[in-house]
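Reminder, nothing fancy here: chain letters follow the sequence lines and each chain counts from 1. Everything numeric here is computed off the predicted structure, so don't read it as measured data.
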Amino acid sequence: MNYRSIKGTKDILPSETPLWQFVEQTIREVFRQFNYKEIRTPVFETTSLFARSIGELTDIVGKEMYTFQDRSGDSITLRPEGTASAIRAYIQNNLGEALPLSKVYYIGPMFRQERPQAGRLRQFHQFGAEAIGSPTAETDVEIIAMTIEIYKRLGITNYSLQINSVGDEECRPKYKEILNAELQKIAGQLSTESQKRIDQNPMRVLDSKNENDQKLTAGMPLITDYLNEECATHFAKVKSLLTAYGIPYTVNGRLVRGLDYYTKTAFEITSTELGSQDALAGGGRYDLLVKELGGKQTPSVGFAAGMERLLMILEKKGFQPPQQRPTVFIAAADDAAREWVLTTTMKLRSQGIASECDLLARSLKSQMKEADRQQAEFSLVVGATELESGKALLKHLSDHSQQNIVLEAIAEFFKH
RNA sequence: GUGGCCAUAGUUCAGUCGGUUAGAACGCCAGGUUGUGGCCCUGGAGGUCGUGGGUUCAAAUCCCACUGGUCACCCCA
């Protein structure tokens, strides 16, 4: 075997695409019902777009981006997430001038150069949505509710929703100072990863998964206790709306997401079915990002979710998507009938009837086996005799029943 | 990036203490009375035992390196 797909990339094979298509279709349906419209942006952008929006100090920008120079020497990066591109497109195309609120969704491949493991690939797929232009808590909850609706719709129930408020440009810096002071006291005992973050991003220390770090920081002040009035009111509203919508959640005052642009609401959906990489989806509000990228001050909120992780759960549950199978397989009993079989198959197809016939000049028995393998609903065997009489036996493959059919009326028969 | 485990037909796997033609199941192909699939029966094709080196009279088996896969750490979808 000479060539292999790049490490961390996968072929999605014909045996798997029906599941992908079914799930994508369900997702698009939910987006449509929530009135989000699809946006398709390029899979690569200028590097600084991601660096600026996601944050120079994040893991994504610091060590995970697929960045390279193109032939003109420009630094370009394969998108590691979807929000930055969507916001860039929003600004570039002046979408904010045409509408007060843009509700968009995307679905497609993302790229991060990490060591692959269960639920983690270098090219993976996300779907997500952004509501650009609304400051209200109602919008936050619409985004969260929509995310959950997708899982509900697919029969996924074993997940949990965690929410937090990470404050805004007024209250967060104050809190960070307080937290930083507390962390300094125990700095020497923290993991090296956490030590690095004490000054740069102290809130990430609280979100560390290191057990010892967790113990050491157990009693530390939480952002939720230091929110200013606006953030506190917003957070309270989000919580009460979630309750009103019947969406269970837990508040996790330590939750910080891996992207720096979040303000106020942050949320994460995890599943115990997933193993170590257990995040199914995450999102939050980002009121400063549009301005940061050169647009007007535009409060916004969005989410992103992993396709592969969603599919892992469905596969684990043994979920079977509807199979695509031919309605009829037309078999040629002898060479004299092959041309008729071929043209008739084509005719049926052009009338919207999924049909198949043999292309390998195989024996009748082989053709029947093929019809069975393809799970055709019916088989029709036609040879010289049938062509002469204008009639043939149509067999219902699942119950073995047969009936006579007039060849000229075959299309009509399948239309019912 | 660091670490554990793994690598034998298309697939999932067996392969004894190192020993002579490397097996099974499923899948694939062809048959099982003249023109009908699924079950069953018979036969067949298909392997550079991941790659390269080493030890040995002899390596799928032991050792080393590399490559790939997988899981975990970190972090995240």
Please determine if [X] and [Y] form a salt bridge, counting it only when a charged side-chain N lies under 4.0 Å from a carboxylate O.
X	Y	result
A:E356	A:R349	yes
A:D207	A:R254	no
A:R338	A:D358	yes
A:E315	A:K317	no
A:E386	A:K391	no

Can you tell me the distance, in whole Å, between the [atom1] atom of [X] and the [atom2] atom of [N]?
X	N	atom1	atom2	value
A:D372	B:C39	CG	C1'	11 Å
A:N201	B:C74	CG	P	17 Å
A:F124	B:C75	CZ	P	17 Å
A:K196	B:G1	NZ	C1'	11 Å
A:N210	B:C73	CG	C1'	10 Å
A:L397	B:C39	CG	P	13 Å
A:R309	B:C76	CZ	P	11 Å
A:L121	B:U70	CG	P	8 Å

query: Does A:V382 or A:S276 map to a spot on RNA chain B nearer the 5' end, using the closest nucleotide for each?
result: A:V382
- prompt: So which one's nearest nucleotide on RNA chain B is more toward 5', A:K63 or A:E81?
  reply: A:K63
Does [N] have its OP1 or OP2 closer than 4.0 Å to a side-chain nitrogen or oxygen of [X]?
X	N	answer
A:Q117	B:A72	yes
A:R362	B:A30	no
A:S366	B:A30	yes
A:K365	B:G31	no
A:R115	B:G4	no
A:R197	B:C74	no

For [N], give its Watson-Crick or G-U wobble partner with both distances under 3.5 Å, or none.
N	answer
B:G3	B:C71
B:G37	none
B:G43	B:C29
B:U12	B:A24

Please report the distance separating the [atom1] of [N] from the corresponding atom of [M], rounded so that it comes out in whole Å.
N	M	atom1	answer
B:G32	B:G68	P	49 Å
B:G69	B:G31	P	41 Å
B:C76	B:A72	C1'	15 Å
B:G46	B:C6	P	32 Å
B:G47	B:U11	C1'	14 Å
B:C62	B:C17	C1'	12 Å
B:C57	B:U51	P	25 Å
B:G50	B:A60	C1'	12 Å

query: Which of parallel (below 30°), tilted (30 to 60°) and perpendicular (above 60°) describes A:F31 and A:F303?
result: tilted
query: With under 30° as parallel and over 60° as perpendicular, where do the rings of A:F413 and A:F378 fit, or are they tilted in between?
result: perpendicular
Mind checking if [X] touches a base, just sugar-phosphate, or nothing, with heavy atoms under 4.0 Å?
X	answer
A:A371	nothing
A:G128	nothing
A:K395	base
A:R373	sugar-phosphate

- prompt: Counting only distance, no hydrogens or angles, is the base of B:C75 paired donor-acceptor with the side chain of A:Q277 under 3.5 Å?
  reply: yes
- prompt: Does A:E386 get its side chain close enough to the base of B:G35, under 3.5 Å, for a donor-acceptor pair?
  reply: yes
message: Would A:N158 and A:S271 count as a side chain to side chain donor-acceptor pair (under 3.5 Å) here? Give the steps.
response: CA-CA 6 Å; A:N158 202 344; A:S271 170; 5.3 Å; no
